[in-house]
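Heads up: the structure comes next, in structure tokens.
Every heavy atom of this structure was used, including side-chain atoms; hydrogens, water molecules and symmetry mates were not. These numbers come from a predicted model, not from an experiment. In what follows, chains are A, B, ... by sequence order, proteins preceding strands, each numbered from 1.
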Amino acid sequence: MAELINPNPVVHERKSTVRSKPAQRPEAPGADGRETIDALEIFDHIRDINDPEHPYTLEQLNVVSEEQIHVDDVRGRVSVQFTPTVAHCSMATLIGLSLRVKLLRSLPPRFKIDIKLSPGSHSSEAAVNKQLADKERVAAALENPNLLAMVNKCLAPPPQQ
Amino acid sequence: MDNLSLELVANLTGHQDRVWSVAWSPKGDLLASCSGDKTVRIWQHPAGGVQQQQQQQQQWYCCAILDQCHSRTIRNIAWSPNGRALATASFDATVAIWELSGGVWEQVAELEGHENEVKCTAWNPDGRLIATCGRDRSVWIWESMPGREFECVDVKQGHTQDVKVVRWHPGGELLVSAGYDDTIKLWSYDGDEWGCSQTLGGYGPGSGHSSTVWDVCWDPPGQRLASCSDDLTVKIWGSRSRMKTTTTTTTTIGGGPAVTLSGHHTRTIFSLDWGSHGLIATGRGGGGWGVEGGCYGGAQESWGLWVRVEGAHDGDVNCVRWHPVEPRLLASCSDDGLVRLWWLK
């Protein structure tokens, strides 16, 4: 096994989900007949994604948080920022790709998804952001069986106790 | 210019994944489209019709599907100038050449050499050369040899990141490439080899685009170049001089972009095409809420956004192309899996 990039990450507890307003489920749709999507719902989709190198989730490592998610439901925009545990994390692109794939698979196609590093969180911030925003590179990456297997490993559900 | 509009005249359905590119045959009787579903579809109109009335009364239909050739996404397609052959560029690192024989499209050659994804291919105006480019940061030039053989005559390094697009100057003496390194490069032949004669952008703010250049196109006379980018702008580059020697004509582009069109787009502009009427169509990213196939007009350099079609597609518009004969007809394609035809009024 190769040396870990961050051998001792800080691990946080999984927070219990608290909704400040009643959840709008399909049986209680918005005025125009479709479900409204908020930051907490996006967070629920991505909090349990596995870290590529540690046996923890992205929430437990504080890579993603509800505060770093912004949703404009009317215009169909979702913006997610993530914070790698170390600024030279070579897994940043893989984490970003996993976030994008999870949201692509979970959200209706009307949503446009932007995935970015939180400002100042990475030594190659601009390069990683540019790569994650390039739809052609993302499409090509997801046709690469090795890379897709790594993404799917991050997205795999936790082993049953 | 203020009362222009674009009317949807046809929906071409069939692709099973996002449609990356569309290309009209030189005579405009056929439209080819390629997709993440690894196929090319060729669309035809019963009357070969380019008149609006015919567009509405008769349906375009899919007359051929080219499949079982590429193992990955087909990113781009190009017709040979005589309309008898088609080149397809794929993420599987190859370019295939297809010809129509006995009513069936057959793969007659394969261009192998790129290390990985090929992103664009373009036939030069006399049909003798094919340019290709890709993620390996190189531009390749291939020569058509007797017996349907294609020989690589030059591999051009110069771009520092993947190359998204190649297009030939209408005169054929100049090739333009652009891509992820935010620059546009002009390549010309000095009688011995192809060399980079000019790089547009890459010298700091104001010199060019500040993010990926997704598409470039020449105006019909070949005097100006337009480019579109992830930086949400369209730039028009004017040619400063055309030096004609006995063997070659060299086009030099002025020091910076002559015109920068900004403020019209809020998402990446993926494609643009300059029609014979002087209007530039642009296709951009956008969610289900708004995608435009806008047009810019250049009469007396009064640039503006003349038409905006919100919701033109239910996803990013990846490519827009004007019909080669009927300047009012436009084809667009999108992540929503559709090819659509529009009529400019």
Side-chain angles (χ1 to χ4, degrees), chain A residues 29-38 42 69-80 93 96-97 100-101 103-117 124-149 151, chain B residues 17-18 20-21 35-38 70-76 89-93 116-120 134-135 160-165 179-182 210-215 229-231 266-268 270 284-291 310-311 313-318 334-337:
Chain A
D32 54 354
R34 60 178 169 75
E35 188 185 351
T36 308
I37 287 175
D38 60 12
I42 301 294
I69 298 169
H70 296 280
V71 180
D72 182 340
D73 185 78
V74 176
R75 289 167 69 226
R77 301 282 167 81
V78 172
S79 151
V80 176
T93 314
L97 201 55
R100 179 171 290 283
V101 172
L103 291 177
L104 278 175
R105 289 177 185 173
S106 310
L107 296 180
R110 70 185 181 88
F111 280 97
K112 204 73 206 161
I113 305 156
D114 290 311
I115 311 280
K116 282 185 175 180
L117 287 159
S124 317
E125 185 182 326
V128 172
N129 283 345
K130 189 171 182 181
Q131 208 165 346
L132 289 173
D134 186 314
K135 65 184 274 184
E136 192 180 57
R137 286 196 170 199
V138 169
L142 296 180
E143 283 187 356
N144 176 331
N146 297 333
L147 203 49
L148 188 60
V151 168
Chain B
D17 201 332
R18 69 156 58 104
W20 278 109
S21 303
S35 161
D37 68 10
K38 309 179 184 73
H70 291 295
S71 60
R72 293 182 59 186
T73 285
I74 304 175
R75 176 65 180 90
N76 185 260
S90 168
F91 284 178
D92 70 8
N116 39 42
E117 294 93 317
V118 189
K119 300 195 164 175
C120 192
R135 190 161 75 90
T160 59
Q161 294 287 340
D162 60 313
V163 190
K164 300 284 194 194
V165 60
Y180 196 87
D181 66 4
D182 310 347
S210 59
S211 190
T212 302
V213 183
W214 279 95
D215 201 3
S229 164
D230 181 52
D231 70 7
T266 53
R267 308 284 308 187
T268 307
F270 290 113
R284 69 154 168 82
W289 283 98
V291 178
E310 293 296 344
H313 280 277
D314 196 14
D316 294 353
V317 175
N318 294 319
S334 160
D335 283 358
D336 65 10

Check: [Y] main-chain N/O paired with [X] side-chain donor or acceptor under 3.5 Å:
X        : Y        : value
A:Lys130 : B:Tyr180 : yes
A:Glu143 : B:Phe91  : no
A:Arg137 : B:Arg135 : no

Nearest-0.5 Å distance that lies between atom [atom1] in [X] and atom [atom2] in [Y]:
X        : Y        : atom1 : atom2 : value
A:Arg77  : B:Arg267 : CZ    : CZ    : 5.0 Å
B:Asp336 : A:Arg110 : CG    : CZ    : 16.0 Å
B:Lys164 : A:Asp134 : NZ    : CG    : 3.5 Å
B:Thr266 : A:Lys112 : OG1   : NZ    : 10.5 Å

Less than 4.0 angstrom from a charged side-chain N to a carboxylate O is my criterion; do B:Asp335 and A:Lys135 meet it?
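Looking at A:Lys135 together with B:Asp335, the answer is yes, because their closest N to O distance falls below 4.0 Å.
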
Criterion side chain to side chain contact (heavy atoms under 4.5 Å, CB included) on A:Glu136 and B:Glu117, from CA distance to verdict:
CA-CA 10 Å; A:Glu136 192 180 57; B:Glu117 294 93 317; over 6 Å; no

What's the shortest heavy-atom distance between B:Arg18 and A:Ala139, and which atoms?
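What the structure gives for the nearest pair is NH1-CB, 3.4 Å.
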
B:Asp230 versus chain A, heavy atoms under 4.5 Å apart: side chain, backbone, both or neither?
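For B:Asp230, no heavy atom lies under 4.5 Å from chain A.
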
